[in-house]
Structures are given as C-alpha cells and as structure tokens.
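Inspection log for the structure reproduced underneath, given as structure tokens.
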Amino acid sequence: MSKLNPGKDSTRGPSNFVREIIIEDSKTNKFGGRVHTRFPPEPNGYLHIGHAKSINLNFGLAAEFGGKCNLRFDDTNPSKEETEYVDSIIQDVRWLGGDWEDRLFYASDYFGQLYEWAVQLIKAGKAYVCDLTAEQVREYRGTLTEPGRESPYRNRPVEENLQLFERMRAGEFPDGARTLRAKVDMASPNLNMRDPVMYRILHAEHHRTGGKWCIYPMYDFAHGQSDSIEGVTHSICTLEFEDHRPLYDWYLDQLGIYHPQQIEFDRLNLTYTLLSKRKLLTLVQEGRVSGWDDPRMPTIAGIRRRGYTPEAIRNFCDAIGVSKTTGTIELSLLEHYVREELNKRVPRVMAVLRPLRVVIENCPENQVEEMEAVNNPEDAGMGTRKVPFSRVLYIEQDDFREDPPKQYFRLSPGREVRLRYGYFITCTGLVKDNAGNVVEIRCTYDPATHGGNAPDGRKVKSTIHWVSAAHAIDTEVRLYDNLFRVEDPNQVPEGQNFTVNLNPSSLEVLKCAKVEPGLRGAAPGNRYQFERLGYFCADADSAGGKLVFNRTVALRDTWAKIEKAQQGKR
RNA sequence: UGGGAGGUCGUCUAAUGGUAAGACUGCAGACUCUGGAUCUGCGUAUCGGGGUUCGAGUCCCUGCCUCCCAGCCA
C-alpha cells in the first residue's frame with residue numbers, strides 16, 4: 001500500500017510503470033535524485049474518485065521516495081473557475097491524506113513570468129499576434145488528414161508583435177479579437193503543433209487576480225512552465241495529454257528553462273458511474289441530484305457524505321494499479337474495499353428499516369430486560385453494550401413470510417428463530433388489515449433461551465435483528481443505488497443525452513425506520529453497521545433530535561441472490 | 001483515411017526470453033448467535049498469422065481491433 005503520509009513506514013507500494021520510471025531516474029541521477037510531483041486540478045468543479053487516483057499516485061510516489069508533492073491550481077480560465085471550487089478541492093485533498101505542506105500554488109501566481117516568457121518568444125521570432133477569428137483559425141488549422149495553412153499574420157515584424165501584444169494586455173481589444181500564437185509548424189501531423197494559441201483575450205474577473213489581466217495563457221503555455229518554476233521532476237497526467245507532450249517539451253526548450261518530464265497514465269473509469277466534471281456539473285445544475293455532495297455522486301464530497309473512508313479509497317487506488325491501457329474498473333471492487341475497511345472499524349447496531357410489529361404473548365407486560373450485545377465481532381476491544389428487550393418489538397418485514405419459499409430460513413407461522421442477543425421465538429399467529437397485509441405477528445418466546453442460547457442445544461436456522469418498540473428511536477434512512485442504470489452511462493441512444501441513463505430509483509427514503517436507543521445523538525459522520533443490512537453513516541441533515549442515516553453500502557446478501565435466482569427460474 | 005497510444009481470465013493488474021500469477025466478480029462447499037465476516041475449492045486469458053530461439057505474453061515482420069486529437073477548455 002502506498003502512503004500519503006511520509007511519517008509512516010516505508011513498505012513498498014504495488015509497482016507500476018510510473019514508479020519504475022522514477023526508480024530508473026533515481027539510478028541514473030536524472031534529476032539529481034529528486035522526486036517532486038504535483039497534483040494540478042482546475043478549480044472548475046468538485047474533485048471525484050478519478051482525481052483520488054491521481055492524488056494517491058502523486059502524493060504516494062513523493063512520500064515513498066522521500067520527495068515532495070505540490071498542490072497547484074491550474075487556474076488559467078477565469079470564465080469557469082471559482083473560489084468555491086478551490087475551497088472544496090483543498091478540503092478534499094486534505095481529507096484524502098495529501099500533504100502539500102507549504103506548497104500551495106496557483107498557475108495564476110505565474111502570470112507575470114508567463115507574460116515575460118511570451119515576450120521572449122516574440123523577440124526570438126517564435127510567436128506572433130494573429131488577427132484571425134476563432135472560426136478562421138479553425139479553417140486554417142486543416143484537418144486530421146490535411147495540413148493547415150499559415151496565418152497571413154504569421155510573419156509580422158517582431159516590433160509590431162511586441163506592440164500588439166502589449167496592447168492586448170492593455171485591454172485595447174475586445175474578447176477574441178486577437179491571439180498570441182506560437183510559430184511552430186502548420187503542417188505538423190500533430191494538430192497541437194499547428195501554431196497553437198498561447199494567449200487569448202478574456203475580459204473576465206479572475207478569482208485571484210481580479211481585473212488585473214484581460215489576457216490569459218492557454219493550458220499548454222502555462223502547465224509546463226509552472227512545473228518548471230516549481231522544480232517538478234515527474235509531471236504525471238492522463239492519457240489525453242499524450243499529444244500535448246511535444247508542445248510541453250517545445251515551450252520549455254524554446255525558453256531554455258528547467259525541463260521536467262511529462263508521463264501519462266490512464267484515467268479512472270468506473271462502471272455505472274460518470275467521471276466528467278462537465279457532466280457532473282450538469283447533474284447539479286439541472287437538480288438531478290441535491291448538490292455536488294449528494295451521496296450518489298462520485299465526488300469526494302459525495303462519497304464522504306455517503307460514508308466512504310479515505311483509507312478505503314486509498315486501498316482501492318492501490319489495488320487498481322496504474323497503466324497506459326484504457327480500461328474500466330468494476331464498481332464492485334470499490335465497494336469491496338469500503339466493506340473491508342468498515343467491517344474492521346465500525347460498531348454493530350440493530351436497526352429495523354421497514355418495521356413489522358411483533359408481540360411476544362408470554363412476555364410480561366411491563367418487563368424490560370437489558371440484553372448484552374457485542375459491538376464488533378471483528379474486534380473484541382470494542383466491547384459490549386446493553387439493548388432493551390420487551391413484550392412488543394419490531395422486526396424487518398422482510399424477515400417474515402406467511403408462505404415461506406424454499407430455502408427461506410426466517411420467521412413464518414409455526415417456525416422458531418433467534419432474536420439476536422435476545423430469545424428464541426416461535427410464530428403462533430398473525431394479524432392482517434382489511435387489505436390483507438400482515439400488520440402484526442404473534443409469537444411466544446422461550447425464557448430459557450435468554451441471551452440467544454438454548455440450554456438444550458437445539459438449533460434454529462436463522463437469527464434476525466429487532467428493536468424494542470417502546471425504546472426504539474424513529475429515524476429516517478436513505479438507501480442509495482447506482483446513479484445510472486447502465487454499466488456505461490456514456491453509451492447514449494442517438495439524439496439523446498446521458499441523463500436518459502439515470503436510474504429513477506437511485507434514492508429511496510424510508511421515513512419510519514427504527515434504531516436501537518444507543519444511537520440517540522449520533523453525530524453526522526458517525527458510521528455503523530446495521531446488522532444484516534449494511535453500513536450506514538449519520539447524515540449532516542441529522543439535527544435537533546432528528547436522525548438521518550445514509551446507507552454507505554449494503555452487506556453481501558446471499559438470500560437476495562437465492563431469491564433472485566428462484567424468481568429467474570419461474 | 002494523418003498523428004499519438006494501447007490490446008493477458010468477465011474486470012483490473014502482474015509475469016522485464018524460462019511452470020501465465022493475484023485481486024474483484026461468479027459458482028460450489030465449510031463454519032457461523034449477522035444468509036455478515038472468515039476459510040476451502042472451481043472456473044475462464046496472452047487479438048490473428050508468420051518468423052527468431054532449446055524455449056516467446058515478452059524479440060522481429062505482418063494483419064486486425066480499441067482509445068485519444070481538428071476549443072481562443074483543461
């Protein structure tokens with residue numbers, strides 16, 4: 001497992017090609033033995049699980065090799081960037097365990113230097129001010145198979161370029177009127193090299209520099225130089241930037257400045273999940289979800305609210321590896337690491353989601369017993385607690401069937417089951433409403449089985465959970481399913497958009513759930529296993545005595561599988 | 001159809017010329033006061049065709065397939 005905290009032990013992480021490159025570079029002393037990475041988000045949206053992969057890689061590698069990792073905002077496009085996003089990103093990276101120490105940077109910190117470098121390229125005859133409109137630039141660029149044509153402004157004298165660029169900066173021209181372009185090669189088979197735009201005119205308020213600038217550098221003219229300024233050694237980015245590497249290298253070489261190495265890896269793709277800031281923004285703006293932190297969102301804020309832990313996410317990131325092959329990870333792998341982590345960490349508790357009233361006929365009216373329950377069978381150190389037992393209880397509707405199907409082991413008329421940490425009970429009857437729904441079941445208990453053990457050694461096929469009706473706390477429970485109902489939400493029918501793939505039942509709210517009294521006052525963020533149901537996390541909406549729980553992930557459910565298979569046969 | 005990058009179990013990753021391995025998923029079983037957890041077992045893969053070699057997933061040739069690129073986004 002790689003680590004984000006340099007303080008911990010130095011066990012080797014799983015290897016990957018980036019790590020191999022770094023090891024090789026250390027051997028050859030390519031960067032004087034230094035390892036310096038960076039995580040460079042654009043503050044135009046919230047971070048998601050795909051970013052966690054990059055964060056884990058960059059911070060993990062730096063920690064492993066005794067290097068450094070910067071947090072740098074790639075804020076070169078003021079029309080899309082906001083302080084709210086900066087704040088959320090800082091919070092999320094920190095929550096995931098990334099430590100940038102005092103190295104929090106912004107590409108906008110370098111606007112002055114970038115401008116000077118642009119002037120340097122103009123003077124060297126490597127850049128020119130172009131008056132072509134956006135549409136004309138597109139026409140002149142050529143196509144994938146045909147070379148482009150040179151701009152009529154390409155050979156402007158240096159002095160004229162200098163003056164025009166200065167006037168661009170001074171705000172003399174409207175948005176889009178001119179650009180500063182690099183003079184590279186309009187016939188290059190790599191479109192990025194066909195005189196790429198270095199600066200565009202944008203009269204927009206920047207979240208940090210305010211109104212100081214009205215020209216802003218393009219990504220390509222900012223990223224490599226930012227890396228260079230910060231002394232980055234390995235500039236790790238995703239595969240779609242592979243075509244940009246020649247340009248990354250070109251700018252650095254033309255400028256004659258320190259030259260980091262760009263390395264590209266495959267971005268994360270997850271089944272049933274969309275990892276595109278643009279599309280996630282659409283979901284937020286159209287109100288398809290409650291916000292960036294809706295627990296169904298793959299954002300860090302969303303899965304944190306859902307109850308995922310940083311450790312689980314880190315383990316997941318370590319497990320999926322890093323490569324250059326384009327692939328899609330199954331969501332079940334992520335869920336596996338979430339369960340694995342929560343199983344070890346989290347206390348057990350009894351909760352009934354869809355209550356069915358049970359009356360224990362031979363239990364005295366006013367008797368209340370405190371039953372002892374284990375807090376976590378995986379960790380004896382977590383101790384035990386008392387749970388009240390009385391004559392009227394609630395059990396899960398799902399745990400009773402009037403006509404039990406084959407292999408159904410739970411309660412049904414005449415059958416005996418164990419109430420966890422309670423007693424053995426036998427169903428003696430049931431009560432239905434006018435519509436024929438079972439609204440109450442009648443049982444008897446065997447007082448000799450106090451605590452859940454039969455002195456005569458007899459067995460029951462099933463143990464079910466319960467709460468005491470008089471003591472249980474009412475609570476709201478939110479059950480989540482995949483936000484999308486298809487494996488690949490990007491696969492969309494002609495003429496439609498990705499929202500057609502939204503799962504209409506991704507959220508189910510249960511208003512009448514009951515939890516054992518010990519959960520009174522559970523603080524937002526507290527995690528529990530509701531026995532036999534899943535892992536749940538108290539939501540921020542819990543307030544003023546009201547309790548709300550999010551289902552983080554369900555427990556593996558063997559019976560559900562059997563039942564599904566049975567229904568499939570019919 | 002130009003350029004770039006990739007093709008190993010269902011999925012992801014490993015094997016760095018020498019027995020194709022692990023995890024997840026799936027299936028079967030054991031155990032169990034959670035049909036949870038845990039444990040055991042099973043299954044399925046080197047894109048195709050040539051070549052080099054004692055030996056090829058790995059090297060060479062060739063074909064096929066997939067992904068990315070024509071923003072004044074990053």
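Chain identifiers are assigned alphabetically (A, B, ...) following the order of the sequence lines, protein sequences preceding nucleic acid strands; residue numbering begins at 1 within each chain.
Taking only side-chain nitrogens and oxygens, A/R178 never comes nearer than 4.0 Å to OP1 or OP2 of B/C72. Look at A/R245 and you won't find any side-chain N or O under 4.0 angstrom from OP1 or OP2 of B/A5. Listed pair A/R141 / B/C72 meets the phosphate criterion, a side-chain N or O lying under 4.0 Å from OP1 or OP2. In this model, the phosphate group of B/C24 is approached by a side-chain N or O of A/H336 to a distance below 4.0 Å at OP1 or OP2.
Nucleotides B/U8 and B/U58 are separated by 11 Å at their C1' atoms, to the nearest Å. Between the P atoms of B/C9 and B/G48, the separation comes to 10 Å (whole Å). Comparing B/A56 with B/A20, their C1' atoms sit 12 Å apart, to the nearest whole Å. Taking atom C1' on both nucleotides, B/A74 is separated from B/G35 by 49 Å, rounded to a whole Å. Nucleotides B/G22 and B/G6 are separated by 27 Å at their P atoms, to the nearest Å. B/C39 sits 12 Å from B/U25 when the P atoms are compared, rounded to a whole Å. To the nearest whole angstrom, the two P atoms, one in B/G36 and one in B/C27, are 13 Å apart.
In this structure, A/F241 places its CZ atom 15 Å from C1' of B/G4, rounding to the nearest Å. Distance, A/F316 CZ to B/U25 P: 13 Å, rounded to whole Å. Taking atom NZ of A/K324 as the reference point, atom P of B/U8 lies 16 Å away to the nearest angstrom. Distance CD (A/E81) to C1' (B/C73): 9 Å, rounded to an integer number of Å. Taking atom CD of A/Q262 as the reference point, atom P of B/A5 lies 13 Å away to the nearest angstrom. Going from atom CG of A/D185 over to atom P of B/G3 covers 14 Å, rounded to whole Å. As rounded to whole Å, 12 Å separates atom P of B/U38 from atom CD of A/Q529. The distance between atom CD of A/E139 and atom P of B/G71, rounded to the nearest whole Å, is 12 Å.
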- Task: Convert the base pairs of RNA chain B into dot-bracket notation, remembering that pairs crossing earlier ones are written with [ ] and that bases paired across to another strand are shown as |; include only Watson-Crick or G-U pairs under 3.5 Å.
- Result: .((((((..((((....[..)))).(((((.......)))))....(((((..]....))))))))))).....

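Checked by atom type, the side-chain pair A/R314/A/N56 shows no donor-acceptor distance below 3.5 Å. Using modelled atom types, one finds no donor on one side chain facing an acceptor on the other under 3.5 Å when comparing A/E335 with A/Y308.
Taking A/L191 as the reference, A/L144, A/R194 meet the side-chain contact (heavy atoms from CB on, under 4.5 Å) condition, with sequence neighbours excluded.
You won't find any donor-acceptor pair under 3.5 Å spanning the side chain of A/E264 and the base of B/G4, going by distance alone. Within 3.5 Å, no donor on the side chain of A/E146 pairs with an acceptor on the base of B/G2, nor the reverse. At a cut-off of 3.5 angstrom, the base of B/G35 holds at least one donor-acceptor pair with the side chain of A/R410. Within 3.5 Å, a donor on the side chain of A/D243 pairs with an acceptor on the base of B/G3, or the reverse. Not a single donor-acceptor contact under 3.5 angstrom links the side-chain atoms of A/E378 to the base of B/U38.
Between A/R38 and A/E230, none of the side-chain N atoms (NZ, or NE/NH1/NH2) sits under 4.0 Å from a carboxylate O, so this pair counts as no salt bridge. Between A/E563 and A/R401, at least one side-chain N (NZ, or NE/NH1/NH2) sits under 4.0 Å from a carboxylate O, which counts as a salt bridge.
Sorted by first then second residue, the salt bridge (charged side-chain N to carboxylate O under 4.0 Å, His left out) pairs that include residues 449-458 of chain A, not counting sequence neighbours, are A/E416-A/R458, A/D446-A/R458, A/D456-A/R458.
Using bins of under 30°, 30° to 60° and over 60° for the plane-to-plane angle, the ring pair A/Y110/A/F105 lands in the tilted bin.
Looking only at side-chain heavy atoms (C-beta outward), A/L47 and A/I55 come within less than 4.5 Å of each other.
Contact annotation for A/K561: backbone-only contact, meaning every heavy-atom pair under 4.0 Å involves sugar-phosphate atoms and none involves a base.
Of the candidates B/A70, B/G36, B/G2, B/G36 carries the atom nearest the A/T558 side chain, counting heavy atoms from C-beta on.
Residue A/Q491 places its CD atom among 12 or fewer non-hydrogen atoms of other residues, nucleotides or ligands, all under 6.0 Å distant.
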